[in-house]
Amino acid sequence: MSELRVLVTGASRGIGRAIALRFAREHAAVVVAARSSQELDALVAEIAQAGGRGNAAQMDVRDYGAVEAAAWRASEFLGGAIDVLVNNAGVFEIKSIEKLDVQSWQRMLEVNLSGPFYVVKETLDALRESGHAHVFNIASIAAKRAFPGNAAYCASKYGLRGFSDALREDLRADGIRVSTVYPGTTDTAMLAKIPGPHDRTKINQPEDIAEVVWRAYNAPAGENVDDLDVPPRG
């Protein structure tokens with residue numbers, strides 16, 4: 001089997017980090033992208049220890065120019081083709097509609113919705129070059145259910161779900177799969193922002209989402225992997 005070529009955004013911690021390391025254990029070449037170069041450098045070392053080849057690409061998904069530059073560097077490292085793209089970069093904040101300011105609204109839409117569009121736009125040629133590419137958009141249960149204080153977050157994740165559905169139709173003729181992943185409450189840094197208490201033995205761990213992504217990538221051609229729920233451990 002030839003070396004898998006992978007790009008993961010929002011990879012410095014949590015779900016993105018777990019996905020990067022999951023593919024590294026399969027000896028993949030993994031480009032990890034995030035805003036923090038220090039955390040990315042440490043992750044690249046972990047990728048090598050896990051058996052993969054890693055490369056860091058500093059990227060702020062809100063900045064189209066930064067996405068363009070990072071996507072070019074990623075494609076160069078991966079030999080011009082991307083087999084797996086994981087749009088994981090995301091932000092979360094709970095604010096009631098009375099307290100939801102324009103800046104917070106724009107930030108969540110820019111990172112959670114415009115960001116994946118920018119990344120897909122700039123990696124499309126490399127995805128097509130793969131011959132068997134798979135795009136994963138990491139959404140949330142909030143893409144299916146509304147929660148109080150989540151007007152901006154739900155809007156961004158519902159939007160990402162719609163983007164995925166339409167992207168799938170656009171790329172079907174190219175043989176590119178598009179999956180939307182819907183994690184529930186997950187034990188990441190975002191957990192501190194969600195009112196608790198939380199039983200960590202019953203909620204998702206980042207590795208659970210990583211395993212769902214890995215299995216979906218390896219699913220037979222006829223298997224439906226359009227929408228991927230991640231059930232809680234409990």
Side-chain angles (χ1 to χ4, degrees), residues 1-11 14-33 47 50-54 74-75 78-90 116-117 119-120 123-145 157-158 160-186 188 203-233:
M1 182 179 179
S2 60
E3 183 183 53
L4 277 175
R5 298 155 293 187
V6 182
L7 170 60
V8 183
T9 73
I15 293 171
R17 177 179 176 276
I19 292 172
L21 290 173
R22 182 66 184 86
F23 278 92
R25 291 199 297 274
E26 305 299 331
H27 310 291
V30 187
V31 176
V32 287
I47 288 170
R53 286 195 307 123
S75 180
L78 297 173
I82 295 173
D83 302 313
V84 180
L85 168 63
V86 182
N87 281 309
N88 174 70
F117 163 68
V119 175
V120 168
T123 58
L124 194 52
D125 288 344
L127 290 166
R128 284 179 168 142
E129 193 66 28
S130 160
H132 54 271
H134 200 144
V135 178
F136 292 90
N137 291 320
I138 309 300
S140 164
I141 190 64
K144 294 184 174 183
R145 283 179 54 195
K157 292 300 186 176
Y158 269 79
L160 182 59
R161 179 184 176 186
F163 172 67
S164 291
D165 288 348
L167 182 66
R168 187 178 303 116
E169 297 304 316
D170 280 349
L171 300 184
R172 192 181 302 279
D174 294 306
I176 298 174
R177 282 178 157 182
V178 178
S179 294
T180 314
V181 186
Y182 304 94
T185 303
T186 305
T188 68
I203 63 175
N204 294 142
Q205 295 298 311
E207 292 74 17
D208 300 332
I209 291 85
E211 193 62 32
V212 166
V213 169
W214 171 250
R215 289 180 181 178
Y217 175 73
N218 286 283
E223 186 173 329
N224 187 334
V225 292
D226 294 352
D227 295 288
L228 304 171
D229 292 312
V230 186
R233 288 190 169 193

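Hydrogens, waters and symmetry mates play no part in the numbers below; they use all other heavy atoms, side chains included. Owing to the predicted nature of the structure, the values given are computational and were not obtained by experimental measurement.
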For the pair Trp214 and Phe23, name the ring-plane relationship: parallel under 30°, tilted 30 to 60°, perpendicular over 60°.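 Perpendicular, since the angle between the ring planes exceeds 60°.
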Please work out whether the ring planes of Phe117 and Phe163 are parallel, tilted or perpendicular, with thresholds of 30° and 60°.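 If you compare the ring of Phe117 with that of Phe163, the planes turn out perpendicular.
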Tell me the closest heavy-atom pair linking [X] and [Y], and the distance in Å.
X	Y	answer
Ala28	Val6	CB-CG2, 4.1 Å
His134	Val178	CD2-N, 4.4 Å
Gly16	Val8	O-CG1, 3.7 Å
Thr180	Ala139	CG2-CB, 3.8 Å
Leu228	Ala216	CD1-CB, 3.6 Å
Val225	Ala219	CG1-CB, 3.7 Å

Within a strict 4.5 Å, meaning less than it, do heavy atoms of the [X] and [Y] side chains meet?
X	Y	answer
Arg5	Ile82	no
Asn204	Ile209	yes
Asp83	His132	yes
Leu21	Ile47	yes
Leu7	Val84	no

What residues form a side-chain contact (heavy atoms from CB on, under 4.5 Å) with Ala166, not counting sequence neighbours? none
What distance do [X] atom [atom1] and [Y] atom [atom2] have between them, rounded to the nearest 0.5 Å?
X	Y	atom1	atom2	value
Ser140	Ile15	OG	CD1	8.5 Å
Ile138	Asn88	CD1	CG	5.5 Å
Asn87	Leu160	CG	CG	7.5 Å
Ile176	Leu127	CD1	CG	5.0 Å

Please check this pair: side chain of [X] against backbone of [Y], looking for a donor-acceptor N/O pair closer than 3.5 Å.
X	Y	result
Arg161	Ala143	yes
Arg177	Ala221	yes
His27	Gly52	no
Thr9	Ala89	yes
Ser179	Phe136	no
Lys144	Tyr158	no

Who are the salt bridge (charged side-chain N to carboxylate O under 4.0 Å, His left out) partners of Asp170, not counting sequence neighbours? none
Using the salt bridge (charged side-chain N to carboxylate O under 4.0 Å, His left out) criterion, which residues pair with Glu169? Sequence neighbours excluded. Arg172
Applying salt bridge (charged side-chain N to carboxylate O under 4.0 Å, His left out), which residue pairs with at least one partner in residues 209-219 are found, sequence neighbours left out?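 Every pair satisfying salt bridge (charged side-chain N to carboxylate O under 4.0 Å, His left out) with a residue in residues 209-219: Arg22-Glu211, Glu211-Arg215.
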Test: salt bridge (charged side-chain N to carboxylate O under 4.0 Å, His left out). Region: residues 125-136. Which pairs qualify, not counting sequence neighbours?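 Qualifying pairs: Arg128-Asp174.
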For side-chain hydrogen bond (donor to acceptor under 3.5 Å, both in side chains), just list the numbers for Ser164 and Asn137, CA-CA rounded to whole Å, side-chain angles, deciding distance to a tenth of an Å, and then say yes or no. CA-CA 7 Å; Ser164 291; Asn137 291 320; 2.7 Å; yes
Only counting residues at least two apart or in another chain, list the ones meeting side-chain hydrogen bond (donor to acceptor under 3.5 Å, both in side chains) with Tyr182. Asp227
Using the rule given for side-chain contact (heavy atoms from CB on, under 4.5 Å), can you reason through Lys157 versus Ile141, listing the C-alpha separation, both sets of side-chain angles and the distance that settles it, and then say yes or no? CA-CA 9 Å; Lys157 292 300 186 176; Ile141 190 64; over 6 Å; no
